[in-house]
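Before any comments, here is the structure.
Nothing here was measured: the structure is a model prediction, and the numbers come from that model. Here is the naming used below: chain letters follow the sequence lines, and residue numbers restart at 1 for every chain. Because only heavy atoms are used, hydrogens play no part in the values below, and waters and symmetry mates are left out as well, while side chains stay in.
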Amino acid sequence: GAVVSQHPSRVICKSGTSVKIECRSLDFQATTMFWYRQFPKKSLMLMATSNEGSKATYEQGVEKDKFLINHASLTLSTLTVTSAHPEDSSFYICSVRDRGTYGYTFGSGTRLTVV
Amino acid sequence: AQSVSQHNHHVILSEAASLELGCNYSYGGTVNLFWYVQYPGQHLQLLLKYFSGDPLVKGIKGFEAEFIKSKFSFNLRKPSVQWSDTAEYFCAVNANNNDMRFGAGTRLTVKP
């Protein structure tokens, strides 16, 4: 199956700054990656679908100007939380869909804390 | 509305008890079904998946799930749980080749 690397695993930033989270598909080319957010004691909520070479598709209610997604290559998608606020503190997880099998592999997640 | 429902929010069992976690979905068309587990402090891991064929799917660590199309269900079972099964369990659905949607999750606590 796919191997997905997500970095950093933890980040603490000051309110008003921006944070970039990377998601890499290590062993195959991923045209599509997914970004999820997990609130404490809650399920994963799909934020956006990242498409290589084109604009990401955002879910309703997700601010595209706040959560910038760039999928510039077949192995890398980045999520940038811009002008972060404490309410953006959460666990962010990326996912890659294995080609042709519908199987999904998840990154290890990034714990963002905005202080 | 299309959704994935997990009715049990928190399940507490003693070791060796049998487990069944419910999952129902409301998507039509072709569905691929998954159960993921998240152990404390770890990332999501795939327990098992159903694409087609035998509706009784066996996964890792002794888990199994049964797809009942008429009931739109994909319940997770394990005959005898262990303390190490304490984790959060998520049911997920990929419908009509679209993205993955998750249930709210069920927290399982197994008492030693």
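- Residue V62(A) is grouped with residue I21(A) when hydrophobic side chains (ILVMFWY) are merged at heavy-atom distances under 4.5 angstrom, including chains of intermediate members.
- Between F34(B) and F106(A), a ring centre-to-centre spacing not shorter than 6.0 Å is recorded.
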| task | Would you sort out whether Q38(A) and F102(B) count as a side chain to side chain contact (heavy atoms under 4.5 Å, CB included), showing the intermediate values? | result | CA-CA 11 Å; Q38(A) 186 178 26; F102(B) 287 82; over 6 Å; no

| said: Go through it in stages, so that I can follow the logic: the residues are M100(B) and L46(A), the test is side chain to side chain contact (heavy atoms under 4.5 Å, CB included), and I'd like the CA-CA distance, side-chain angles, deciding distance and then a yes or no. | reply: CA-CA 8 Å; M100(B) 182 94 88; L46(A) 179 66; over 6 Å; no

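- W35(A) and L44(A) fall into different hydrophobic clusters, defined by Ile, Leu, Val, Met, Phe, Trp and Tyr side-chain heavy atoms under 4.5 Å apart, directly or through other members.
- Residue-environment remark: NZ (K66(A)) exceeds the threshold of 12 foreign heavy atoms within 6.0 Å.
- With a 4.5 Å cut-off on non-hydrogen atoms, Q38(B) touches chain A through its side chain but not through its backbone.
- A 6.0 Å sphere centred on NE2 of H7(A) holds no more than 12 heavy atoms belonging to other residues, nucleotides or ligands.
- Hydrophobic clustering (side-chain heavy atoms under 4.5 Å, transitive across Ile, Leu, Val, Met, Phe, Trp, Tyr) groups W35(B) together with L33(B).
- Heavy atoms of S108(A) lying under 4.5 Å from chain B belong to its backbone as well as its side chain.
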